[in-house]
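All ligand and atom numbering here is 1-based and tracks the order in the structure. Side chains included, hydrogens not; waters and symmetry mates left out as well; all remaining heavy atoms used. Remember, predicted model here, so these are calculated numbers, not experimental data.
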Amino acid sequence: MLVFERKADLTVYLLQQRKAGNTIGLVPTMGALHRGHLSLIETSVREADITVCSIFVNPIQFTNKKDLEKYPRTPEKDQKLLEDAGCHVLFCPSVEEMYPNPPYTQFSFGALEEVMEGYYRPGHFRGVGLIVSKLFNIVQPDLAFFGQKDLQQCRIIEHMAADLLFNLKVVVIPTVREEDGLAMSSRNVRLEPEARKEATALYKALCLGRDMLLKGEEPSVVGREVEAFVRTFPGLQLEYFSIADGGTLQPVKVVSDHKQLALCIAGYAGDVRLIDNLLTEV
Ligand code: AMP
């Protein structure tokens, strides 16, 4: 696996690859890699000729300074995992490399960022949009892989890519879970044992909500039931539970008006903030 820290070196290499007729897959990450990330890498390795994984902890998308400081970093382990997964290129730039100047440009994603993560972490998606568009410009991938785990991020990137005419396909990969259902996340390593046990209730809450909706219950009733279920876990603090349209992510009032529903949840297990979601056809 080739490792690049500078965008200019990566650009030269990718130009040669493109001239040779190879397609390029990009997997943007913030490192501390786990099996969820590796599922994106493995799909890219299957679907594109050259897979580029970027590892960059993007400071401007953190709305909480402590969260940025505490964000896990495991560079040696990441490199080994990527090599074993058949990744061709690791791009791990410095903050100065990605932000040579303080940025003036600001993204705004309208209604898509007024709900859920965008509401509770104002400015978060502005940071995500900027870093992902920089990576798209540097790598110019044919395919870009994102995890359904961050569903709102997926929808925002899909629209950003279409709006800015990026010549690439955004591919969304299903969430990889631990055996007890907890969605894999780099933040899971920070869970204390008791919080780790209770954290699986977020997934259980989503399943409960989905099953009730499929039985024909009203979204408002389901919402109250799911919230009550999460309250039975003393170590969990629910931030939101939303039954939303799978495409627009806006809250749903009447289930039959929608083709696909997204059940989305966010909460704290101890002091670790976790998110999860399920998509379901209705
Ligand atoms: P992150 O390093 O957390 O920014 O994640 C990098 C990419 O991996 C994003 O597209 C995430 O949605 C995706 N990802 C994170 N966790 C999982 C998971 N458990 N299953 C599938 N994809 C994931």
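Counting heavy atoms of neighbouring residues, nucleotides and ligands inside a 6.0 Å radius, atom CG of D163 exceeds 12 of them.
With D78 contributing its side chain and L33 its backbone, the two residues share a donor-acceptor pair below 3.5 Å.
Within 4.0 Å of ligand 1, protein heavy atoms come from P28, T29, M30, H34, G36, H37, L40, Y71, F146, G147, K149, D150, Q153, P174, T175, V176, M184.
Ring planes of Y240 and Y120: parallel class, angle under 30° (limits at 30 and 60°).
Annotation: the span from L81 atom CG to E76 atom CD amounts to 12.0 Å, rounded to 0.5 Å.
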Less than 3.5 Å apart, which donor and acceptor atoms pair up between the side chains of residues 210-239 and the rest of the protein, not counting sequence neighbours?
| from | atom 1 | to | atom 2 | distance (Å) |
| --- | --- | --- | --- | --- |
| T232 | OG1 | F229 | O | 2.5 |
| E239 | OE1 | R273 | NE | 2.8 |
| E239 | OE1 | R273 | NH2 | 2.6 |

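Side chains of Q17 and D49: no donor on one and acceptor on the other come within 3.5 Å.
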